[in-house]
Novice: 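Below are the structure tokens for one structure; questions will follow.
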Number of protein chains: 2
Amino acid sequence: MVGIKDIARECKVSATTVSRALNNSKEISEKTREYILETCELRGYVPNSSARNLILNKTNMIGLLIPDITNQYYAYVSKGVSSYLEKIGYGLVLCNSDRNKENENRYINFLAQRRVDGIILIPVKPKVEDYKKIIESIPLVMADNYVNDLEISYVGNDNYAGARKIVSHMLKQGYRKIGVILGDKSSSASNERLMAYKDVLIENNIEIKEEILLNSNATFEDGFKLTEKLINEKVEAIFTINDSVAMGVMKYCHMNNIQIPKDIGIAGYDDIEQAAMLPVPLTTVHQRKFELGKTVAKILIEEINNNQSAKQKIILQPELIIRKSCNE
Amino acid sequence: MVGIKDIARECKVSATTVSRALNNSKEISEKTREYILETCELRGYVPNSSARNLILNKTNMIGLLIPDITNQYYAYVSKGVSSYLEKIGYGLVLCNSDRNKENENRYINFLAQRRVDGIILIPVKPKVEDYKKIIESIPLVMADNYVNDLEISYVGNDNYAGARKIVSHMLKQGYRKIGVILGDKSSSASNERLMAYKDVLIENNIEIKEEILLNSNATFEDGFKLTEKLINEKVEAIFTINDSVAMGVMKYCHMNNIQIPKDIGIAGYDDIEQAAMLPVPLTTVHQRKFELGKTVAKILIEEINNNQSAKQKIILQPELIIRKSCNE
DNA sequence: GTGAAAGCGCTAACAA
DNA sequence: TTGTTAGCGCTTTCAC
């Protein structure tokens, strides 16, 4: 493996000069730089990042810790992050927590070993204590799920506004008894949407029945499984935590000859690519996933470059997408 | 930031001893180890990977270079890779080439700077020359698309077998004039499936019409756009390079009141999650994406640990999934 | 069982 | 404009 000294020897200069040639330093003559660069190319010299990282105390890597890359929502967020980082020469370390708290902790410790210059975290069941330590040693920005009482920046979608929009729409369509399949109890996204749901119902003088408010793991399978319970409770419509869950609900309805939206209205959340192509196109809420990724990456980089920048909270506005699954 | 020397000073031992305590060395008394480990915990000491990477000439990171993380196929492959690496304490650097050759090259150069111990590559429009240099400096395993005349390991799905299965099925259903929407001309996956298509047609004495064999960028949009051309050619069925393209074809058919499968049969490839939930459930080929990811990661790690292991070619067998989109 | 010293490959003061 | 020197934080040989 050819190193900086080999190049230096061959060019009859010092390692410093080679370093200067490679790092666009002004303190070098154009002639020397060209000659060195040519030699590097010729000999296939590639700088050793480990050595640079050590001395510069910087890795040019960002850690992205998300619940599940096979979920389209997170895939788009990742792509947004990746596209921003690429432009500025940063790399991305992808960590899939698999919605598992232990994995999340393991990954955080892994990244904390000065492997990355900062962390973007979409936490699973977040609690303040889990992150107090890490945010003191490395810049960390959260997305999606928020934790109160933590001095960090945050980028999210406005869950309250999005849920208000779609629940109001359901009411307008004549549905009254609306079951809800939520995510985990500790998910702030889930809780904010539940709050919007309750507020809208109260404003419309509709009684809130706790027995049709279900928590889940936010998966297709859970949507499928939990539908039976709601059907037995005779709900007129179901509002789900995401489109995958809504598709699970739809599958149950198809298999049991329940007509959508005649027998039951279904509303999702996320607007995944396939939502428009379903047997009954899904009424849902569009979230700006790609932009979320770009934004959170941008903020993190700002915090890395500018040590004491004020913490920011950015809330992106979602959009109601009316299709066919929720029209009485 | 607390370093190994701080711990050494506090424990009144040398840095060497601390290092031994942290690295499960045998050359240290149990008592000293425990004391040091406690102190590390107490002081929040975290080893600096950059320093370890430099001296050990190893990063415990793997680069994964894929065309597009928002494509479910690649998302599952990534998850497979990630799940394998996690078990053995490796990290994953995700690079999204966006199906762009320049990006791919940029990322390869980025990774080559000793940022990772090996690379998993799913190339875009691969040519031998592009990779000759890199494979000499770093272990690299390819997946999906294969390049001949390169001394590397490879893991793929059996495209020829998969395409044979589904084209045979289409023929059995009575379709004769079958249009094809392929991927890029240089994609080996695409070419192998085309070969299977041709072989099956020839074996069944059906004429091959080049004008209904179309190349594309393998996107939903291209599926939508290219369908018109095939409809004008009066094809009886369309076989597509992936399910997204098939969904584009379906969208065109829906918008033009063309009934599936009565007026036209549609067959996809990949079996993405939503394929079963489409207006007309999609007949397709299931590929073992997650397992592909795990396998390719496993092979790469073997090559890293065992410098001169023989190159392997592993071909996973896909499965025909018969649904409703292709039944006459 | 433990420590001193050397050095991984690079960058940055400082000197020339 | 260029080179000398020191050192980033760790691991490893070798001596004790």
Side-chain angles (χ1 to χ4, degrees), chain A residues 1-37 39-40 43-61 89 109-117 137-138, chain B residues 1-37 39-40 43-61 89 109-117 137-138:
Chain A
M1 200 89 232
V2 34
I4 202 170
K5 285 182 182 172
D6 302 303
I7 301 295
R9 200 179 314 117
E10 175 153 355
C11 293
K12 299 192 197 328
V13 295
S14 71
T16 309
T17 305
V18 177
S19 173
R20 283 197 267 252
L22 291 162
N23 292 293
N24 299 314
S25 162
K26 260 96 247 283
E27 309 179 312
I28 185 175
S29 75
E30 206 41 57
K31 197 168 141 250
T32 322
R33 156 174 292 130
E34 270 173 29
Y35 176 49
I36 292 174
L37 258 27
T39 311
C40 288
R43 294 278 166 263
Y45 167 73
V46 174
N48 182 325
S49 324
S50 297
R52 300 194 80 236
N53 293 349
L54 177 58
I55 196 161
L56 299 176
N57 198 24
K58 195 161 184 345
T59 61
N60 282 287
M61 292 275 186
N109 290 331
F110 179 78
L111 294 173
Q113 296 166 17
R114 304 269 232 310
R115 287 179 189 280
V116 293
D117 297 337
S137 73
I138 188 167
Chain B
M1 199 88 235
V2 35
I4 202 170
K5 284 181 182 171
D6 302 304
I7 301 295
R9 201 179 311 118
E10 176 154 354
C11 293
K12 298 194 199 326
V13 295
S14 71
T16 310
T17 305
V18 178
S19 173
R20 281 197 267 252
L22 291 162
N23 293 293
N24 300 313
S25 163
K26 261 96 248 279
E27 309 179 310
I28 185 175
S29 74
E30 206 41 57
K31 194 169 143 249
T32 323
R33 156 175 290 129
E34 270 174 29
Y35 176 48
I36 292 174
L37 259 26
T39 312
C40 288
R43 293 278 166 264
Y45 168 73
V46 173
N48 182 324
S49 323
S50 297
R52 299 194 81 235
N53 294 348
L54 176 58
I55 196 161
L56 298 176
N57 199 23
K58 193 159 183 352
T59 60
N60 283 286
M61 291 274 187
N109 290 330
F110 179 77
L111 295 173
Q113 296 167 20
R114 302 270 233 310
R115 287 181 190 278
V116 292
D117 297 336
S137 72
I138 188 167

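Order of the sequence lines fixes the chain letters, A, B, ..., with proteins taken first and strands second; residue numbering starts at 1 for each chain.
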Novice: Look at the side-chain N and O atoms of A:N23 and state whether any lies under 4.0 Å from the OP1 or OP2 oxygen of C:dT11.
Specialist: yes
Novice: Is there a side-chain polar atom (N or O) of A:N48 under 4.0 Å from OP1 or OP2 of C:dC8?
Specialist: no
Novice: Decide yes or no on side-chain contact (heavy atoms from CB on, under 4.5 Å) for A:D6 and A:M1, but give the supporting numbers first.
Specialist: CA-CA 9 Å; A:D6 302 303; A:M1 200 89 232; over 6 Å; no
Novice: Looking at side-chain heavy atoms only, is the closest gap between B:M61 and A:M61 below 4.5 Å?
Specialist: no
Novice: For B:S50 and B:T16, find the nucleotide of DNA chain D closest to each by heavy atoms; which residue's nucleotide sits nearer the 5' end?
Specialist: B:S50
Novice: Just how far, in rounded Å, is C1' of D:dT11 from CD of A:Q113?
Specialist: 16 Å
Novice: Just the rounded figure in Å: distance from P of C:dG9 to CZ of A:R43.
Specialist: 18 Å
Novice: Counting distance alone, no hydrogens or angles: does the base of D:dG3 have a donor or acceptor under 3.5 Å from a partner atom on the side chain of A:R20?
Specialist: yes
Novice: Inspect the surroundings of NZ in A:K58 and state if more than 12 heavy atoms from other residues, nucleotides or ligands are less than 6.0 Å away.
Specialist: yes
Novice: Side chain of A:E27: nearest nucleotide among D:dC8, D:dT11, D:dT2?
Specialist: D:dT2
Novice: Starting from P on D:dG9, measure out to CZ on A:R114 and report it in whole angstrom.
Specialist: 7 Å
Novice: Does the B:R115 side chain pair with the main chain of A:T59, one donor and one acceptor, at a distance under 3.5 Å?
Specialist: yes
Novice: Measure from the side chain of A:I4, starting at C-beta and using heavy atoms only, and say which of D:dC10, C:dG3, C:dT11 lies closest.
Specialist: C:dT11
Novice: How is B:I28 classified with respect to the nucleic acid when contacts are heavy atoms under 4.0 Å: base, sugar-phosphate, or nothing?
Specialist: sugar-phosphate
Novice: Could you state the atom-to-atom distance from NZ of A:K58 to P of C:dG9 in whole Å?
Specialist: 23 Å
Novice: Check whether any side-chain nitrogen or oxygen of B:R52 sits under 4.0 Å from OP1 or OP2 of D:dT11, and answer yes or no.
Specialist: yes
Novice: Just compare D:dT13, C:dT2, C:dG9 and give me whichever is closest to any side-chain atom of B:T17.
Specialist: C:dT2
Novice: Are A:T32 and D:dT2 close enough that a side-chain N or O sits under 4.0 Å from OP1 or OP2?
Specialist: yes
Novice: Any side-chain N or O of B:Y35 less than 4.0 Å from the OP1 or OP2 oxygen of C:dT2?
Specialist: no
Novice: Could you work out which one of D:dC10, D:dT2, C:dC8 sits closest to the side chain of B:A51?
Specialist: D:dC10
Novice: Indicate yes or no: at least one non-hydrogen side-chain atom of B:L22 is less than 4.5 angstrom from one of B:L37.
Specialist: yes
Novice: How many whole angstroms separate atom NZ of B:K5 from atom C1' of C:dA5?
Specialist: 12 Å
Novice: Taking the side chain of B:I55 as heavy atoms from C-beta outward, which of D:dC10, C:dC10, D:dG3 is closest to it?
Specialist: D:dC10
Novice: Please report the distance, rounded to the nearest Å, between CG in B:L54 and C1' in D:dT12.
Specialist: 14 Å
Novice: Mind calculating the distance between CG (A:L56) and C1' (C:dA12) to the nearest angstrom?
Specialist: 10 Å
Novice: Measure CZ/B:R115 against P/C:dG9 and give the value in whole Å, please.
Specialist: 17 Å
Novice: So if I take every side-chain heavy atom of B:S19 and compare against C:dT2, D:dG9, D:dT12, which nucleotide ends up nearest?
Specialist: D:dT12
Novice: Take A:S14 and B:A15, find for each the nucleotide of DNA chain D with the closest heavy atom, and name the residue whose nucleotide sits nearer the 5' end.
Specialist: A:S14
Novice: So what does B:K26 hit on the nucleic acid, given a heavy-atom distance under 4.0 Å: a base, only sugar-phosphate, or nothing?
Specialist: sugar-phosphate
Novice: Hey, mind stepping through A:S19 and A:T16 against side chain to side chain donor-acceptor pair (under 3.5 Å) and telling me if it holds?
Specialist: CA-CA 5 Å; A:S19 173; A:T16 309; over 6 Å; no
